[in-house]
Amino acid sequence: NSNVHIIGLIGHSDKSTSLVVPNSTKSIITESFRSLRTNIQYIAANKTKKIISVTSSIGGEGKTFVTMNLASIFALSNHKTILIGGDLRKPKLHHSFKLDKNQGLSNYLINKKNLDDIITKTNIKTLDVIASGPIPPNPAELLDSPKMNELLSILNTKYDYVIIDTPPIGLVTDGVILMQYADANLYIVRHNYSKIKSLSVVNNIFKNKNISNLNIVINDYTENEGYGYGYGYGYGNDGYGYYEKDDE
């Protein structure tokens, strides 16, 4: 047990597309993202503009799925939102938003592109995206740079919500670096998939890394399973939908 709260439950999606919210605004999944959006508004309630990081322990928990749909739900309620592909080791966002994967955050952090070059508009009027860019040899160093700090400060003034798809924190330190900038940190646990030890990762971060506002989101939640967290892998091959097969 810890002071980390469960802030949202996202149901199971059978959709083959990752971007559920913009395409099915009446679905139960979309409703659960609305509820998550409301709960986030209570975190760091004194701030009108927020930076939100989304991470998980190892990958395969649906981190990018949650990040994209969360950004969409904020944008659809007329909040100016930008989504950043902060997972420089294993970029994903370019698939769903059909972005040029050769320009993005990594080019900007080494001063090869300016900000206007890397911000892409989406089909949602109030949602912009920054792809991760080419995979660099030194992701942690780039994310920990003054240039990254400066970027988040600039975006924080221009947008209501800056949402970062953060690297999984069970494996590397990159994610923790980005979490230190955020007003709200969401940690994705996939129901019946994430192992119990991934929750000890959460507790350790909460205790040791000075990360504040750490909250758990349970993804792929089904009520008829009584096992709690992660004894076995759950769902076999049906309804994987948004989980990419290489996401291990």
Practice item. Under the side chain to side chain donor-acceptor pair (under 3.5 Å) rule, collect the residues that match up with T64, sequence neighbours excluded. Key: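 Testing T64 for side chain to side chain donor-acceptor pair (under 3.5 Å), a comparison that skips the adjacent residues, returns D165.
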Below 4.5 Å, heavy atoms only, C-beta onward: do [X] and [Y] meet side chain to side chain?
{"X": "T67", "Y": "K92", "answer": "no"}
{"X": "I7", "Y": "I216", "answer": "no"}
{"X": "N69", "Y": "I29", "answer": "no"}
{"X": "M179", "Y": "I164", "answer": "no"}
{"X": "Y187", "Y": "V217", "answer": "no"}
{"X": "I135", "Y": "K90", "answer": "no"}
{"X": "L76", "Y": "T126", "answer": "no"}

Review point. With T122, which residues qualify under side-chain contact (heavy atoms from CB on, under 4.5 Å), at least two apart?
Key: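 Checked T122 against side-chain contact (heavy atoms from CB on, under 4.5 Å); matches are F97, I124, L127, V129.
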Practice item. Scan L83, I52, I84 and name whichever one has a side chain to side chain contact (heavy atoms under 4.5 Å, CB included) with V162. Key: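 It is I84, the one option of L83, I52, I84 that forms the side chain to side chain contact (heavy atoms under 4.5 Å, CB included) with V162.
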Point to revise | Name of the residue among P168, P167, P139 meeting side chain to side chain contact (heavy atoms under 4.5 Å, CB included) with R89 | key: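 The option that passes is P139.
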Practice item. Output, in order, the C-alpha distance, side-chain angles, deciding distance and verdict of side chain to side chain contact (heavy atoms under 4.5 Å, CB included) for I130 and I82. Key: CA-CA 7 Å; I130 294 177; I82 189 158; 3.8 Å; yes
Tell me whether [X] shares a hydrophobic cluster with [Y], the cluster being built from Ile, Leu, Val, Met, Phe, Trp, Tyr side chains joined at under 4.5 Å.
{"X": "L155", "Y": "L88", "value": "yes"}
{"X": "I43", "Y": "L70", "value": "yes"}
{"X": "L214", "Y": "I6", "value": "yes"}
{"X": "Y161", "Y": "I119", "value": "no"}
{"X": "L186", "Y": "M68", "value": "yes"}

Flag, side chain of [X] to backbone of [Y], donor-acceptor distance under 3.5 Å:
{"X": "S106", "Y": "P134", "value": "yes"}
{"X": "T157", "Y": "I154", "value": "yes"}
{"X": "N107", "Y": "G104", "value": "yes"}
{"X": "R37", "Y": "I73", "value": "yes"}
{"X": "T38", "Y": "L36", "value": "no"}
{"X": "N215", "Y": "N213", "value": "yes"}

Once you round to the nearest 0.5 Å, how far does [atom1] of [X] lie from [atom2] of [Y]?
{"X": "L151", "Y": "L105", "atom1": "CG", "atom2": "CG", "result": "6.5 Å"}
{"X": "F74", "Y": "I163", "atom1": "CZ", "atom2": "CD1", "result": "5.5 Å"}
{"X": "R190", "Y": "N219", "atom1": "CZ", "atom2": "CG", "result": "7.5 Å"}
{"X": "Q103", "Y": "D100", "atom1": "CD", "atom2": "CG", "result": "5.0 Å"}
{"X": "D116", "Y": "I118", "atom1": "CG", "atom2": "CD1", "result": "9.5 Å"}
{"X": "S153", "Y": "K158", "atom1": "OG", "atom2": "NZ", "result": "12.5 Å"}

Could you check whether atom [atom1] of [X] has more than 12 heavy atoms from other residues, nucleotides or ligands sitting under 6.0 Å from it?
{"X": "K125", "atom1": "NZ", "value": "no"}
{"X": "L115", "atom1": "CG", "value": "yes"}
{"X": "N123", "atom1": "CG", "value": "no"}

Exercise for review: Give the intermediate values and the outcome of side chain to side chain contact (heavy atoms under 4.5 Å, CB included) for residues N149 and Y181.
Suggested key: CA-CA 8 Å; N149 194 0; Y181 294 117; 3.5 Å; yes
Nearest non-hydrogen partners of [X] and [Y], listed with the distance:
{"X": "I177", "Y": "A140", "result": "CD1-O, 3.5 Å"}
{"X": "K63", "Y": "D87", "result": "NZ-OD2, 3.4 Å"}
{"X": "A182", "Y": "S53", "result": "CB-N, 3.8 Å"}

**Study point:** Intermediate values then yes/no, side chain to side chain contact (heavy atoms under 4.5 Å, CB included), I188 and T55
**Key:** CA-CA 6 Å; I188 310 306; T55 191; over 6 Å; no
Check your understanding: F65 vs F33 aromatic rings, parallel, tilted or perpendicular, using cut-offs 30° and 60°?
Key ->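 Judged by the thresholds at 30° and 60°, the geometry between F65 and F33 is perpendicular.
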Practice item. Go through D117 and Y108 one step at a time and tell me if the side chain to side chain donor-acceptor pair (under 3.5 Å) criterion holds. Key: CA-CA 9 Å; D117 297 331; Y108 174 82; over 6 Å; no
Point to revise | D128 with K80: basic N within carboxylate O range, under 4.0 Å | key: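 The answer is no: the pair does not qualify as a salt bridge.
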Point to revise | Sequence neighbours excluded, every pair satisfying side-chain hydrogen bond (donor to acceptor under 3.5 Å, both in side chains) that has a member inside residues 40-52 | key: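 Passing the test, one end in residues 40-52: K47-D183.
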**Study point:** Residue pair S145, L109: steps toward the side chain to side chain contact (heavy atoms under 4.5 Å, CB included) verdict
**Key:** CA-CA 8 Å; S145 64; L109 294 175; 4.3 Å; yes
Exercise for review: State whether a side-chain donor-acceptor pair under 3.5 Å links S35 with S32.
Suggested key: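 No, no side-chain donor-acceptor contact under 3.5 Å.
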